[in-house]
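Side-chain atoms are counted along with the backbone in the values below, which use heavy atoms only and exclude waters and symmetry mates. In what follows, every chain begins at residue 1, and chains take the letters A, B, ... in the order their sequences are listed.
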Amino acid sequence: MRTMLEVNDLSVSFDVYGGEVQAVRGVSFSVKEGEAVAIVGESGSGKSVTAQTIMRLISTPPGRIKQGSVRFDGQELLSLPEKEMQRVRGNQIGMIFQDPMTSLNPTMTIGMQIMEGLMKHQKMSRSDAKKRAIELLTMVGIPNPESRISQYPHHFSGGMRQRAMIAIALSCNPALLIADEPTTALDVTIQAQILRLMKNLQKQTGTSIILITHDLGIVADMCDRVIVMYAGQIIETGTKREIFRNPQHPYTKGLLKSLPRLDQSKNEPLVPIHGTPPDLIQPPQGCGFCSRCDYAMRICQTEVPEFTRLSDTQQVRCWLQQSQGGIRGGKGASA
Amino acid sequence: MVRYVLNKFLFMLLSLFILITATFVLMNAVPGSPLQSEKATSPQIQKNLEAHYGLDKPLIVQYGIYLKKLAQFDLGISMKKKFQSVNKLIAGSFDNSLKLGLVSVATSVLAGCALGIIAALYHRKFLDNAALVVSVIGLAVPSVVMAPLLQYVFAVKIRAFEVAGLNGPMDYVLPTIALSAAPIAFIARLIRSSMLEVLNSDFIKTAKAKGLAGHMIVWRHALRNSMLPVVTYLGYLIANVITGSVVIEQIFAIPGIGKFFVQSVLDRDYPFIMGITIFYAILLMASRFLSDLAYALVDPRLRLQTGRVAK
């Protein structure tokens with residue numbers, strides 16, 4: 001299968017008053033054609049920044065792409081001139097944002113907001129674009145699209161706005177769809193509808209999806225592969241099955257333990273992960289998670305672990321998994 | 001919508017009534033009379049004059065008579081301007097004020113928006129700071145200072161324009177600059193701050209993610225959303241520029257309504273004072289009303305559905 005997107009050693013920082021926030025620190029992953037990949041992590045773990053960097057939506061300054069490459073369909077995006085990047089955005093890569101209440105222009109009709117991209121990228125005439133917009137609204141399950149098309153966002157409910165956002169993102173049949181917490185701002189029943197919609201549309205169109213979320217339930221529903229991010233780094237990747245059945249990083253394990261389970265007895269309390277993520281203005285020298293980790297060793301504080309391959313698909317960045325971890329740790333103690 | 005307009009209209013009538021009453025009372029409370037003059041007149045003549053203008057009747061009766069005439073859109077006869085009707089005096093002099101006012105409003109909005117957009121797009125860069133300097137000067141220097149300065153530099157020293165009068169299109173330049181300097185500055189600051197806010201909003205990110213070019217994003221998505229505060233200000237501005245021209249009209253010797261306003265008060269020309277005050281009040285209310293309607297034009301969320309606000 002063709003590789004759609006390849007992110008290599010990407011680092012992004014933000015220059016703020018207090019110093020340099022290293023939001024993303026050396027992230028590498030790839031997405032294959034037709035694959036759905038989830039990026040999971042808590043707030044501030046760098047998942048949204050990663051996604052927006054792929055689209056080059058980070059405003060610079062204060063943002064700064066320090067190093068790395070983003071190859072989309074063989075083409076390097078980070079060095080692409082702005083004009084050509086505009087041809088990629090919306091056309092080859094579509095994006096859905098978190099909050100449908102604020103992501104649509106309140107003073108423009110829904111139809112026009114869908115048609116804009118079509119007219120720009122597909123060089124469609126106004127009437128053709130309108131026909132296609134009606135088709136798209138039908139496709140995302142909005143009733144009466146002919147009349148809905150001339151309405152404004154405030155006539156739409158939250159769920160319907162997110163459907164409209166999906167219609168915008170998919171309007172030009174992009175090869176890759178980035179969904180940045182698409183259901184976080186919606187209530188649970190609507191969440192399920194939107195996810196089902198995205199899943200069906202993926203089946204129909206065969207787009208690759210990057211789904212950014214902190215909700216593991218969504219991941220189990222939607223994705224083939226999972227990337228777990230923490231403090232600007234990827235700490236574990238694997239297939240959905242591997243991550244849910246056989247998580248190896250203490251953070252991933254913690255995330256799963258903090259979720260309620262159906263087979264859990266009523267009195268059994270959920271286990272939270274204590275503490276807070278590290279300050280990324282001064283990222284920790286060693287493993288980012290070690291201050292919250294129950295299994296932390298001495299070496300965890302001083303050196304960042306490399307990835308350990310556990311299978312063809314699962315990799316984890318943890319000293320516990322490295323054969324020489326204990327030995328190196330011992331050395332560190334005697335030094 | 002009809003109900004909304006009707007409602008507004010009734011409120012306007014009510015406030016107009018209150019204003020008329022207050023002006024009438026205040027005007028009569030001020031010492032002096034339109035019939036006093038340097039020439040000594042015999043008590044009999046004085047009495048006859050008072051009877052002629054109805055000033056001998058009790059105030060409440062005078063007030064009633066005035067209202068009755070006003071209901072027939074008759075503002076009365078000026079006491080000082082050789083028996084001309086106030087209606088005609090206003091109609092004759094408002095022409096110049098209106099032209100100058102409209103030119104100034106248009107200049108203010110266009111230049112203000114342009115400066116504001118530039119400042120927002122070049123946030124914290126040289127052009128933003130330059131626009132800030134222009135704005136601060138515009139806001140800080142009052143038109144009474146600005147006008148003579150302009151006259152001195154551009155009419156006396158450089159001789160590019162006439163010092164005063166309003167005879168050709170070139171004569172509009174200096175009074176327009178003097179009148180619109182402050183509004184330009186104000187609008188520029190308004191647009192800049194609301195534009196900066198809009199440019200940081202999520203839907204601009206959506207527009208970028210669609211692959212639109214930068215100028216399209218500014219024109220189609222950002223500008224309209226940052227226009228709302230300006231529309232609010234516009235109603236006030238229109239009335240203010242037209243009335244604010246009182247001073248400017250004096251300085252540039254423009255035969256406009258503003259000049260008459262000042263004169264009528266000095267003369268205690270009762271019908272004329274009342275007439276101009278009412279006229280200004282209607283102007284102010286009408287422009288506020290128009291700006292209310294303009295809201296709905298700019299922001300579809302404010303459009304009304306069968307008399308109540310759509311949310």
Turns out that what part of A:Met165 lies under 4.5 Å from chain B's heavy atoms comes down to side chain

For A:Arg126, I'd like to know if atom CZ has over 12 heavy atoms of other residues, nucleotides or ligands within 6.0 Å. no

Rounded distance [0.5 Å steps], OG1 in A:Thr107 versus CE in B:Met227: 11.5 Å

Cut-off 4.5 Å, heavy atoms of chain B, and the answer for A:Met112 is side chain

Where along residues 187-206 of chain B does a heavy atom come under 4.5 Å of chain A, listed by residue number? B:Asp202, B:Phe203, B:Lys205, B:Thr206

Count the heavy atoms of every other residue, nucleotide or ligand shown that sit under 6.0 Å from OH of B:Tyr236, and state whether that count exceeds 12. no

Evaluate A:Glu116 against B:Met216 for side chain to side chain contact (heavy atoms under 4.5 Å, CB included), listing each step before the verdict. CA-CA 10 Å; A:Glu116 260 185 330; B:Met216 288 277 267; 5.6 Å; no

Using a 3.5 Å distance criterion without hydrogens, assess whether the side chain of A:Lys120 forms a donor-acceptor pair with backbone atoms of B:Gly211. yes

Any chance CZ of B:Arg224 has more than 12 other-residue heavy atoms, nucleotides or ligands included, within less than 6.0 Å? yes

State which residues pass side-chain contact (heavy atoms from CB on, under 4.5 Å) with A:Lys131; sequence neighbours excluded, sorted by chain then number. A:Asp128

When A:Gln151, A:Met108, A:His154 are each screened for side-chain contact (heavy atoms from CB on, under 4.5 Å) with B:Pro300, the one that passes is A:His154

Full working for side chain to side chain contact (heavy atoms under 4.5 Å, CB included) between A:Gln113 and B:Lys210: CA-CA 9 Å; A:Gln113 296 192 51; B:Lys210 269 186 227 170; 3.8 Å; yes

I'd like to know which of A:Gly90, A:Pro106, A:Cys172 tops the heavy-atom pair count under 4.5 Å against chain B. A:Pro106

Contacting region of A:Ile168 [heavy-atom separation from chain B under 4.5 Å]: side chain

Atom pair NZ (B:Lys208) and CZ (A:Arg89), whose distance is rounded to the nearest 0.5 Å: 8.0 Å

